[in-house]
Protein chains: 2
Amino acid sequence: MKEKKTSPYHHGNLKEELLQTALEMIDKEGLDTITLRELTQRLGTSRTAVYRHFASKEALILGVIEKGYEHLNLLFTPIFQDRTHSVAVRFEAMGRAYLDFAIEHPNLYRLLFGENFRQEREEICDYKDENQATGLYALIGLLTEAQEEGIIAQVNPMVQAAMVWASIHGLASLLIDGHLIMSDNMEAIYEYSIGVLLKGLQ
Amino acid sequence: MKEKKTSPYHHGNLKEELLQTALEMIDKEGLDTITLRELTQRLGTSRTAVYRHFASKEALILGVIEKGYEHLNLLFTPIFQDRTHSVAVRFEAMGRAYLDFAIEHPNLYRLLFGENFRQEREEICDYKDENQATGLYALIGLLTEAQEEGIIAQVNPMVQAAMVWASIHGLASLLIDGHLIMSDNMEAIYEYSIGVLLKGLQ
DNA sequence: CATTTAATGTTAACATTGTCAACATATATT
DNA sequence: AATATATGTTGACAATGTTAACATTAAATG
């Protein structure tokens with residue numbers, strides 16, 4: 001908000017800006033290539049200022065992950081909860097939004113859904129379970145709705161959700177990691193995948 | 001084969017042992033934590049001996065990736081080509097072997113099917129296309145067989161293969177990266193997934 | 001308001017790691 | 001046997017995350 005001409009000794013909002021800038025840097029350059037020195041330099045502070053707000057680089061990244069999940073929730077929740085559209089339409093829109101995010105932000109996608117901080121991440125996700133709209137639980141809700149409408153078979157929705165998530169996640173991962181050399185076929189693959197899923201779930 | 005008591009100046013087979021030991025280290029400890037110093041120390045050579053055989057650490061890892069693909073081909077080809085079993089049985093066995101490998105060797109799995117060396121990897125895979133049994137092409141072959149038997153719909157088998165691979169890859173990735181907290185349900189999820197795929201592909 | 005305390009930021013230094021240059025030694029070639 | 005090539009070693013360097021000691025500002029307390 002308020003900007004001093006000569007940068008003051010105390011930054012004022014460093015913790016939040018560290019998280020924000022780190023997220024942007026990871027988004028653009030990837031997790032492996034970002035460095036604390038470049039991050040702090042970009043904010044006009046010294047290298048070790050980070051350690052007044054985070055115990056380590058890993059702790060900072062973990063904060064970025066948390067921020068990323070919140071961001072994604074805000075992006076996906078409206079799609080899940082939009083009852084003006086049918087379950088099937090929402091299902092398809094959800095998958096498309098998920099894929100779009102992965103393709104537009106591959107580095108962030110890997111950060112949130114890759115191998116990083118497996119252990120610590122579970123803590124973040126655990127306390128997020130309260131938020132009903134988040135991630136897997138939103139999908140479970142949608143599938144439960146679909147079961148009630150008789151669109152899909154009445155199977156343990158958690159198992160169904162895992163299967164569906166895995167399919168879309170796998171497609172996103174293979175694409176952004178360059179294992180499917182057919183970017184032109186992408187739309188066809190996605191539409192076919194949704195079709196196979198909806199038919200297979202019946 | 002032949003061991004001198006006093007280690008000679010020339011190692012004799014260093015390049016191959018570098019690849020083999022690097023592969024074992026990555027398998028056990030993961031790609032990010034291995035270091036050239038520890039690798040060479042384990043082989044009794046000096047840190048920089050690597051550079052007589054590889055241009056860089058990345059080049060070495062790329063060699064490990066290549067070795068890993070060959071290993072996997074040897075593991076999967078018999079399953080694909082075993083005509084004593086039906087297509088459906090082979091399909092299910094293939095997925096299970098794929099998942100088992102990922103779970104037993106998560107670090108190797110990430111190395112081979114993750115984001116690493118996207119660009120360089122395509123070169124490796126390209127010249128491997130000649131080998132008909134490798135990776136995606138083996139799956140395409142199996143799906144083509146299934147189409148001929150009328151088990152699944154006659155759609156572009158490359159699209160089908162991408163969808164199927166994505167599903168199993170996604171399941172493997174979510175599991176080894178700790179995004180599915182239900183290891184007890186794993187068998188159920190896998191069997192259900194194969195069922196959904198076979199039904200959806202019809 | 002004055003003083004003390006806590007929070008926040010800086011500088012210097014260190015260990016680790018990948019990499020290169022210069023040198024050493026063994027193997028291959030002629 | 002002499003030379004050239006391949007292979008291995010040592011020392012050094014830059015980059016990076018991290019810690020310790022110090023500096024400065026904001027907050028708390030009287």
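Just so we're on the same page: letters track the sequence lines, and every chain starts at 1. Keep in mind the model is a prediction, meaning the values are calculated, not measured. All heavy atoms count here, side chains included; hydrogens, waters and symmetry mates do not.
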**Report entry** Over 12 non-hydrogen atoms of neighbours within 6.0 angstrom of NE2 in A:His53
**Finding:**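 Buried by this count: over 12 neighbours within 6.0 Å.
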
Query - Relative orientation of the end axes in the helix from C:dC1-D:dG30 to C:dT30-D:dA1, expressed as an angle to the nearest 10° (five pairs per end) - result: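 Taking the rotation axis at each end, their angle is 10°.
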
Figure out the [atom1]/[atom2] separation between [X] and [N], and round it to whole Å.
X: B:Glu38; N: C:dA15; atom1: CD; atom2: P; result: 19 Å
X: B:Asp32; N: D:dT16; atom1: CG; atom2: P; result: 16 Å
X: B:Leu14; N: D:dT9; atom1: CG; atom2: C1'; result: 13 Å
X: A:Leu31; N: D:dG17; atom1: CG; atom2: P; result: 11 Å

Report task. Answer yes when B:Lys28 and B:Glu38 have at least one side-chain N-carboxylate O distance shorter than 4.0 Å, and no when they do not. Result ->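 The answer is no: the pair does not qualify as a salt bridge.
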
Query - N-O pairing of B:Lys67 and B:Glu16 below 4.0 Å - result: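 Looking at B:Glu16 together with B:Lys67, the answer is yes, because their closest N to O distance falls below 4.0 Å.
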
Short heteroatom pairs, N/O only, protein and nucleotides 18-21 of chain C, under 3.5 Å:
unit_1: C:dG18; atom_1: OP1; unit_2: B:Lys57; atom_2: NZ; d: 2.6
unit_1: C:dG18; atom_1: OP2; unit_2: B:Thr35; atom_2: OG1; d: 3.0
unit_1: C:dG18; atom_1: OP2; unit_2: B:Leu36; atom_2: N; d: 3.0
unit_1: C:dG18; atom_1: N7; unit_2: B:Arg37; atom_2: NH1; d: 2.5
unit_1: C:dG18; atom_1: O6; unit_2: B:Arg37; atom_2: NH2; d: 3.2
unit_1: C:dT19; atom_1: OP2; unit_2: B:Tyr51; atom_2: OH; d: 2.7
unit_1: C:dT19; atom_1: OP2; unit_2: B:Lys57; atom_2: N; d: 2.9
unit_1: C:dT19; atom_1: O5'; unit_2: B:Tyr51; atom_2: OH; d: 3.1

Query - Qualifying residues under ring pair (Phe, Tyr, Trp, His ring centres under 6.0 Å), relative to A:His105, sequence neighbours excluded - result: A:Phe101

Query raised in the report: Quick one: ring pair (Phe, Tyr, Trp, His ring centres under 6.0 Å) partners of A:Tyr109, sequence neighbours excluded?
Result: A:Tyr98, A:Phe113, A:His169

Can I get a per-line list of side-chain donor-acceptor pairs under 3.5 Å for residues 85-96 of chain A, giving both atom names and the distance, sequence neighbours left out?
unit_1: A:His85; atom_1: ND1; unit_2: A:Asp82; atom_2: OD2; d: 2.8
unit_1: A:Ser86; atom_1: OG; unit_2: A:Val89; atom_2: N; d: 3.2
unit_1: A:Arg90; atom_1: NE; unit_2: A:Asp82; atom_2: O; d: 3.2
unit_1: A:Arg90; atom_1: NE; unit_2: A:His85; atom_2: O; d: 3.2
unit_1: A:Arg90; atom_1: NH1; unit_2: A:Phe80; atom_2: O; d: 3.1
unit_1: A:Arg90; atom_1: NH1; unit_2: A:Glu145; atom_2: OE1; d: 3.2
unit_1: A:Arg90; atom_1: NH2; unit_2: A:His85; atom_2: O; d: 3.4
unit_1: A:Arg90; atom_1: NH2; unit_2: A:Glu145; atom_2: OE2; d: 2.9
unit_1: A:Glu92; atom_1: OE2; unit_2: A:Arg96; atom_2: NE; d: 3.4
unit_1: A:Glu92; atom_1: OE2; unit_2: A:Arg96; atom_2: NH2; d: 2.6
unit_1: A:Arg96; atom_1: NH1; unit_2: A:Glu187; atom_2: OE1; d: 3.1
unit_1: A:Arg96; atom_1: NH1; unit_2: A:Glu187; atom_2: OE2; d: 2.9
unit_1: A:Arg96; atom_1: NH2; unit_2: A:Glu187; atom_2: OE2; d: 3.2

Query raised in the report: Under 4.0 Å: is that the gap between some side-chain N or O of A:His53 and OP1 or OP2 of C:dG9?
Result: yes

Query raised in the report: Can you name the residues that form a side chain to side chain contact (heavy atoms under 4.5 Å, CB included) with B:Gln154, not counting sequence neighbours?
Result: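 So B:Gln154 forms a side chain to side chain contact (heavy atoms under 4.5 Å, CB included) with B:Gln147.
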
Query - Side chains of A:Ile168 and A:Leu197 in contact at under 4.5 Å (non-hydrogen atoms) - result: yes

